[in-house]
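Down below is the structure, laid out as structure tokens.
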Amino acid sequence: MHYPGETGTLANNPNVALLNNQRGYQLFTVTPDAWRAEVKVMDQVDRPGGQISTIARFVVDPKQPGPQSG
């Protein structure tokens with residue numbers, strides 16, 4: 001889900017890899033070889049019983065700048 005005016009953000013900013021307006025959090029695993037991130041979101045937050053899902057995974061290799069899907 002995107003709000004008006006946000007659709008150009010991904011196309012115009014190479015440092016933004018994901019744009020999502022759902023509530024959630026990220027889990028990070030950091031090792032000498034890579035920084036990994038899992039992006040978790042709730043499907044609904046206005047009543048009990050929401051489900052968490054992973055909508056994206058990213059990895060940053062210390063030898064290559066920027067996040068890559070992974």
Side-chain angles (χ1 to χ4, degrees):
M1 177 173 121
H2 297 270
Y3 292 110
E6 290 183 333
T7 55
T9 301
L10 291 173
N12 296 317
N13 189 338
N15 298 309
V16 176
L18 174 70
L19 183 63
N20 184 287
N21 290 314
Q22 291 174 280
R23 291 187 191 174
Y25 58 93
Q26 297 179 34
L27 296 175
F28 299 106
T29 303
V30 182
T31 67
D33 299 321
W35 180 314
R36 298 184 184 282
E38 284 186 69
V39 181
K40 306 280 191 174
V41 297
M42 295 292 296
D43 64 346
Q44 56 85 22
V45 296
D46 58 342
R47 61 192 177 283
Q51 299 295 311
I52 295 173
S53 63
T54 300
I55 62 164
R57 289 183 174 87
F58 296 99
V59 62
V60 176
D61 183 318
K63 299 175 195 102
Q64 182 178 358
Q68 306 298 316
S69 291

What residue among Gln22, Gln51, Arg23 forms side-chain contact (heavy atoms from CB on, under 4.5 Å) with Val41? Gln22
Please lay out, stage by stage, how Val39 and Leu18 fare under the test side chain to side chain contact (heavy atoms under 4.5 Å, CB included). CA-CA 9 Å; Val39 181; Leu18 174 70; 3.8 Å; yes
Is it the case that one hydrophobic cluster holds both Phe58 and Ile55, taking links as side-chain heavy atoms less than 4.5 Å apart, direct or via other members? yes
Nearest 0.5 Å, please: how far is CZ in Arg57 from OG in Ser69? 11.5 Å
State plainly whether one hydrophobic cluster holds both Val59 and Phe28, where clusters connect Ile, Leu, Val, Met, Phe, Trp and Tyr through side-chain heavy atoms under 4.5 angstrom apart. no
Return the minimal non-hydrogen interatomic distance between Pro62 and Pro32, and the atom names on each side. CG-O, 3.8 Å
Rounded distance [0.5 Å steps], CZ in Arg36 versus CG in Asp61: 9.0 Å
Spacing of Met42 atom CE and Ile52 atom CD1 [to the nearest 0.5 Å]: 5.0 Å
